[in-house]
Amino acid sequence: FITRINNLTSHELIFKLITEEFLNQYPFDLAGSFTLKEEKLYINNSVTRSQRFEEHRVAWEEFYRNNLPNTRRAVEAVSLAIKNNVNFYFNDVQAIMHIPMAPKDRDALKALKTPRTCLHVPIRKGGEPIGIVSLVSLEHPIPLTDEDIAFLENLCSFIGTAISNAELYTTLRDTQERLVQTERKRAEALQIAKEAAEASAEAKSNFLANMSHEIRTPMNAIVGLTRIVLKSGPEPQQRQHLKKIDTSAQSLLGIINDILDFSKIEAGKMDMEIIEVDLERLLHDAGQLIATKAREKGIEFSSRAMLVKKK
């Protein structure tokens with residue numbers, strides 16, 4: 001029994017096992033358990049030994065659900081047992097029905113119809129009461145020795161430890177579930193951010209690609225028409241201007257290709273290639289692009305490539 005109850009992680013199961021076990025160990029006919037919350041006792045459950053007493057059990061449990069014992073005022077037996085942290089044992093209730101008692105106690109006994117022995121034992125945690133177990137016989141008085149009552153008190157104290165363990169387990173489980181939920185939400189947020197970043201990168205790449213293609217079309221027309229005019233035999237000065245137009249257009253096409261390369265890099269499709277370069281021609285073409293602007297500012301611009309052989 002102790003092993004079973006210590007392995008339980010639910011208050012409801014602990015109280016159910018407690019009340020059932022007490023009826024197995026002692027010849028009581030009815031057992032119930034209460035939990036203390038904010039100076040009031042709430043009945044958890046009740047069980048009976050025989051179906052013959054089911055009507056008594058239902059009436060008794062319903063009474064306490066509708067009339068919560070208050071430990072601050074403490075006028076009935078169960079609330080006094082909690083407030084004073086002691087057990088209350090009545091060997092034969094019928095023998096004391098004629099004496100004055102709290103109205104709620106009398107009403108609770110009437111709900112039982114034929115109460116005989118009643119025992120209220122506090123459930124303790126760290127020595128302080130956190131609930132109570134009530135045991136009732138309905139046919140015959142049950143004589144209990146001091147050792148019997150002491151054993152029941154010790155058992156109820158152990159129950160308090162089991163309840164503390166269940167509360168700790170519940171707290172740990174709830175904390176773990178919250179951590180799992182937090183981690184799941186974080187993973188979902190990261191996934192959403194990743195998808196948004198990928199969508200943004202794809203949109204940017206598509207924009208760059210589309211823009212580059214839109215610019216490339218008229219630039220190809222400019223290059224084509226410039227070369228047609230160059231083949232028509234223009235005057236030397238015109239030829240020089242047309243070559244500058246052609247060089248500038250080719251440079252612009254190169255920039256467009258570079259923009260497309262950025263899109264390829266982001267898509268992981270960039271291919272590297274090795275090509276030969278005429279350095280002198282490259283410097284000459286670059287110089288021609290800025291020579292006109294330089295002359296407008298009174299600057300003579302020239303470029304020359306010198307090849308140096310390594311010794």
Side-chain angles (χ1 to χ4, degrees), residues 11-12 14-16 18-19 22-23 26 28-49 53-146 148-157 159-160 163-164:
H11 289 185
E12 292 79 7
I14 290 175
F15 287 121
K16 182 175 183 295
I18 291 167
T19 49
F22 280 172
L23 292 188
Y26 293 90
F28 289 99
D29 299 308
L30 185 148
S33 64
F34 298 79
T35 299
L36 178 63
K37 295 178 182 178
E38 297 178 352
E39 298 185 330
K40 291 182 180 180
L41 283 170
Y42 294 81
I43 188 165
N44 299 302
N45 73 313
S46 62
V47 295
T48 183
R49 178 186 300 280
F53 305 120
E54 181 62 17
E55 184 180 347
H56 302 67
R57 183 198 68 79
V58 171
W60 183 75
E61 182 174 323
E62 184 177 356
F63 171 81
Y64 277 116
R65 290 198 184 280
N66 295 329
N67 300 272
L68 300 179
N70 190 307
T71 59
R72 184 176 59 176
R73 292 193 293 268
V75 292
E76 58 270 84
V78 288
S79 57
L80 284 169
I82 284 287
K83 184 175 183 179
N84 298 316
N85 197 10
V86 295
N87 68 76
F88 274 15
Y89 170 53
F90 304 97
N91 181 50
D92 191 354
V93 175
Q94 294 301 319
I96 61 171
M97 288 295 289
H98 64 284
I99 66 174
M101 64 178 66
K104 286 188 177 181
D105 276 338
R106 190 174 296 279
D107 292 339
L109 293 173
K110 286 181 179 179
L112 293 169
K113 296 183 179 179
T114 58
R116 299 306 299 265
T117 298
C118 288
L119 174 64
H120 304 304
V121 183
I123 300 172
R124 299 181 178 94
K125 182 176 75 172
E128 295 299 321
I130 61 171
I132 204 162
V133 171
S134 293
L135 303 171
V136 182
S137 69
L138 299 172
E139 289 186 325
H140 308 288
I142 300 175
L144 296 175
T145 65
D146 291 342
D148 291 329
I149 296 175
F151 174 77
L152 289 170
E153 286 184 327
N154 290 333
L155 194 57
C156 285
S157 295
I159 291 166
I163 292 173
S164 297

(message) Does Ile123 form a side-chain contact (heavy atoms from CB on, under 4.5 Å) with Phe15? I'd like the steps, not just the answer.
(response) CA-CA 11 Å; Ile123 300 172; Phe15 287 121; 3.8 Å; yes

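- A distance of 13.5 Å separates CG in Leu152 from NE2 in His120, rounded to the nearest 0.5 Å.
- Put simply, the side chain of Thr114 gets close to the backbone of Leu138: a donor and an acceptor are under 3.5 Å apart.
- Counting heavy atoms of neighbouring residues, nucleotides and ligands inside a 6.0 Å radius, atom CD of Glu55 does not exceed 12 of them.
- Between Phe151 and Tyr26, the ring planes lie tilted relative to each other; the angle falls in the 30° to 60° range.
- Phe53 contributes atom CZ, which lies 9.5 Å from atom CG of Leu30 (distance to the nearest 0.5 angstrom).
- Here the side chains of Val86 and Pro122 are not in contact, with every heavy-atom distance at 4.5 Å or above.
- Between Leu41 and Tyr64 the shortest side-chain heavy-atom distance does not fall below 4.5 Å.
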(request) Could you please spell out the steps behind the side-chain contact (heavy atoms from CB on, under 4.5 Å) verdict for Thr117 and Tyr89? (result) CA-CA 8 Å; Thr117 298; Tyr89 170 53; 3.6 Å; yes

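- Annotation: side chain of Val78 is in contact with side chain of Ser134 (closest heavy-atom distance under 4.5 Å).
- With no hydrogens or angles considered, no side-chain donor-acceptor pair links Asp29 and Thr48 at under 3.5 Å.
- Here the CG atom belonging to Asn66 is positioned 11.0 Å from the CD1 atom belonging to Ile43, to the nearest 0.5 angstrom.
- Across every non-hydrogen atom of Arg106 and Met97, the tightest pair is NH1-O, 2.9 Å.
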(request) Take Gln94 and Arg116 through the side-chain contact (heavy atoms from CB on, under 4.5 Å) test and state the conclusion after the steps. (result) CA-CA 6 Å; Gln94 294 301 319; Arg116 299 306 299 265; 3.6 Å; yes

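- Going from atom CZ of Arg73 over to atom NZ of Lys40 covers 7.5 Å, rounded to the nearest 0.5 Å.
- With hydrogens and angles left out, the side-chain atoms of Arg57 and Ser46 include a donor and acceptor closer than 3.5 Å.
- Cys118 places none of its side-chain heavy atoms less than 4.5 Å from the side chain of Phe88.
- The nearest pair of heavy atoms linking Val121 to Ile132 is O-CG1, 3.2 Å.
- Considering CG of Leu68 and OG of Ser79, their distance stands at 11.5 Å, rounded to 0.5 Å.
- From Lys110, atom NZ reaches atom CG of Asp105 across 12.0 Å, with rounding to the nearest 0.5 Å.
- Listed for the Asp107 side chain is no donor-acceptor partner under 3.5 Å among the backbone atoms of Lys104.
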